[in-house]
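The structure appears below as structure tokens.
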Amino acid sequence: MATDVRVPTTGNSGEDAVVLEWLVSVGDAVTEGDTLVVLETAKATVDVPAPASGTVLAITAQPGDDVAEHATIAVVGAAGEATPPAPLPEATPLPEATALPEGLEGSTPAGPAPRASRGHASPRAAIVAERNGVDLSTVTGTGPGGRILALDVLAAKRTATPLPEAREGSTPAPSAPAEQSPFTSIPVRGARKVTAQRMHAALAEMAQVTLTRYADASTLLGYLGRLREQAERRDLPRFTVNDLVLFATARTFAQHPEANATFSWDEIRQYSRVDLGVAVDTGRALLVPVVRDAASLGLVDLARATATAVERARSGALTPDEMAGGTVTVSNLGGAGVHWFTPVVNPPQVCILGVGRALPSSPAGADLMPLSLTFDHRAIDGAAAGAVLADVADAIENLDIIAAL
């Protein structure tokens, strides 16, 4: 009996995934558990295994296609077994018919637009092109490897300029070169789409307020220099400024359960354990892996756990579970040369700490590190949030002492 291969639960109910790569073709024999396809979700890439052993009978989504959670994207069964036909995508409406001139009512309609090969256009794009009279050879694909997607076909139809009607006996004028579009269209989907939706929802639904202050980072930077000098000799990781800031933040929020919290309209949960989210720019989307029980880790263990989490995020190996359950998040843009910014709280968390680049040789004679604490005013008041930020600054200024405790 044929078995459907479905898009797994992505952790973001109702959100689409994007097909990145098929590792099998129709007709291939597979064993239960073999990876068939790689999908991109809002949080990570996901390997989809074969639900049963058998032969790949059908593949219904191509690289670059959006696929809904729990949708069927392939069928596995016995070789030669019949499969139900896959439903066609919803048709793009054709323009309304216009009356033909007298004497042409019986003319034969023009043939369909040329089809692209499966290697250059998704099945959905080929159908949309045929129904809209778009020549796929004139369409520039924005999918993986230049693959033409349905959105590309519709964009080409919108920008197409009809040729002027020729008069009888006139010599056709040479065609003008097609005007190049002044913009590039990038479909909003997958990780980028869900990140955008979450950021918008967070700002629309939460009472977010940002407090700012400096921390004297002279001690932290000096301590970092000494750690790096001893790194090879003592088999230490290569520490970063962010490692030390994360250490100070975890220790501080462990003392402030009112800020190490999550909010819902039913309850505010205040946590004794700090599950620390670390914002990572992967180049595709912002991912936030969580370092579990960060306040219980020593500086060396925290730095190693963070390095592993960052590497997994950038390689696309994170699982949804590795990004779930954070109680507070740190976003550090100091490496990009940013001083001040307003981080957006990651709901249902109550706080996020933004860290900017330290200002060396400031007029005050110290290395001043800009800190921005955004908090949800529904869960914590301004005075309490100010006290949290002051304690984070104090932990940064006395990091060497805290690390010795």
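One distance of note links CD1 of Ile352 with OG1 of Thr249; it measures 11.0 Å at 0.5 Å rounding. With values rounded to the nearest 0.5 angstrom, Thr262 atom OG1 is found 9.0 Å from Ile268 atom CD1. Trp340 contributes atom CH2, which lies 13.0 Å from atom CG of Leu333 (distance to the nearest 0.5 angstrom). To the nearest 0.5 Å, the span separating CG on Leu224 from CG on Leu399 amounts to 9.5 Å. Taking CG from Asp367 and CG from Leu359, the interatomic distance works out to 8.5 Å, rounded to the nearest 0.5 Å. Taking OG1 of Thr212 as the start and CG of Leu371 as the end, the distance is 9.0 Å to the nearest 0.5 Å.
Within the 4.5 Å cutoff, side-chain heavy atoms of Leu353 are placed close to those of Val392. Between Thr374 and Thr342 the shortest side-chain heavy-atom distance falls below 4.5 Å. Residues Met323 and Val288 are not in side-chain contact: their nearest non-hydrogen atoms beyond the backbone lie 4.5 Å or more apart. A 4.5 Å side-chain heavy-atom check between Cys351 and Phe375 finds at least one atom pair inside the cut-off. Using a 4.5 Å heavy-atom threshold, the side chains of Arg6 and Thr72 count as touching. Residues Leu203 and Gln208 meet the side-chain proximity criterion, which asks for heavy atoms closer than 4.5 Å. In this structure, the side chains of Thr219 and Glu397 stay at 4.5 Å or more apart for every pair of heavy atoms. Residues Leu221 and Val241 meet the side-chain proximity criterion, which asks for heavy atoms closer than 4.5 Å.
Around the CZ atom of Arg304, the shell of radius 6.0 Å holds more than 12 heavy atoms that belong to other residues, nucleotides or ligands. Annotation: His377, atom NE2; neighbour count of heavy atoms from other residues, nucleotides and ligands within 6.0 Å is above 12. Annotation: Glu232, atom CD; neighbour count of heavy atoms from other residues, nucleotides and ligands within 6.0 Å does not exceed 12.
Residues Val345 and Pro347 come closest through the heavy atom pair O-CD, 3.1 Å. Of all heavy-atom pairs between Pro257 and Ala261, the closest is O-CB, 3.6 Å. Smallest separation of non-hydrogen atoms from Ala379 and Val350: CB-CG2, 3.6 Å. Minimum interatomic distance between Asp243 and Leu302 (heavy atoms only, all atoms of both residues): O-CD2, 4.3 Å. The minimum heavy-atom distance linking Ala305 with Leu297 is given by the pair CB-CD1, 4.5 Å. Of all non-hydrogen atoms in Leu286 and Ala279, the two that sit nearest each other are CD1-CB, 4.0 Å.
With sequence neighbours excluded, the residues that form a salt bridge (Lys or Arg N to Asp or Glu O under 4.0 Å) with Arg378 are Asp376. Not counting sequence neighbours, Arg238 has no partner by the salt bridge (Lys or Arg N to Asp or Glu O under 4.0 Å) test.
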Candidate pair Val290 and Arg292, rule side-chain contact (heavy atoms from CB on, under 4.5 Å), full reasoning: CA-CA 6 Å; Val290 176; Arg292 308 292 175 188; 3.5 Å; yes
Verify side-chain contact (heavy atoms from CB on, under 4.5 Å) between Gln62 and Val19, making sure each step is shown before the conclusion. CA-CA 6 Å; Gln62 300 301 316; Val19 179; over 6 Å; no
Please lay out, stage by stage, how Leu299 and Leu244 fare under the test side-chain contact (heavy atoms from CB on, under 4.5 Å). CA-CA 7 Å; Leu299 183 55; Leu244 305 191; 3.7 Å; yes
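A side-chain hydrogen bond (donor to acceptor under 3.5 Å, both in side chains) check over residues 251-261, counting only residues at least two apart or in different chains, returns the pairs His256-Glu258, His256-Asp391, Asn260-Thr327. Among residues at least two apart or in separate chains, there is no side-chain hydrogen bond (donor to acceptor under 3.5 Å, both in side chains) pair with a member in residues 18-27. For residues 321-338, every residue pair satisfying the salt bridge (Lys or Arg N to Asp or Glu O under 4.0 Å) rule, not counting sequence neighbours, is listed here: Arg312-Glu322. Pairs passing the ring-ring contact (aromatic ring centres under 6.0 Å, His included) check and including a residue from residues 219-249, sequence neighbours excluded, do not occur.
With Asp47 as the fixed residue, the side chain to side chain contact (heavy atoms under 4.5 Å, CB included) test singles out one of Val38, Leu36, Leu39: Val38. Among Leu318, Thr308, Thr306, the single residue meeting the side chain to side chain contact (heavy atoms under 4.5 Å, CB included) criterion with Pro289 is Leu318.
Judged by distance alone, with hydrogens and angles left aside, the side-chain atoms of Asp4 form no donor-acceptor pair with the main-chain N or O of Val75 at under 3.5 Å. Checked by atom type and distance alone, the side chain of Asp301 never pairs as donor or acceptor with a backbone atom of Gly298 at under 3.5 Å.
At a cut-off of 3.5 Å, with distance as the only test, no side-chain donor of Asp135 or Thr138 sits close to an acceptor on the other residue. Side chains of Asn242 and Thr240: no donor on one and acceptor on the other come within 3.5 Å.
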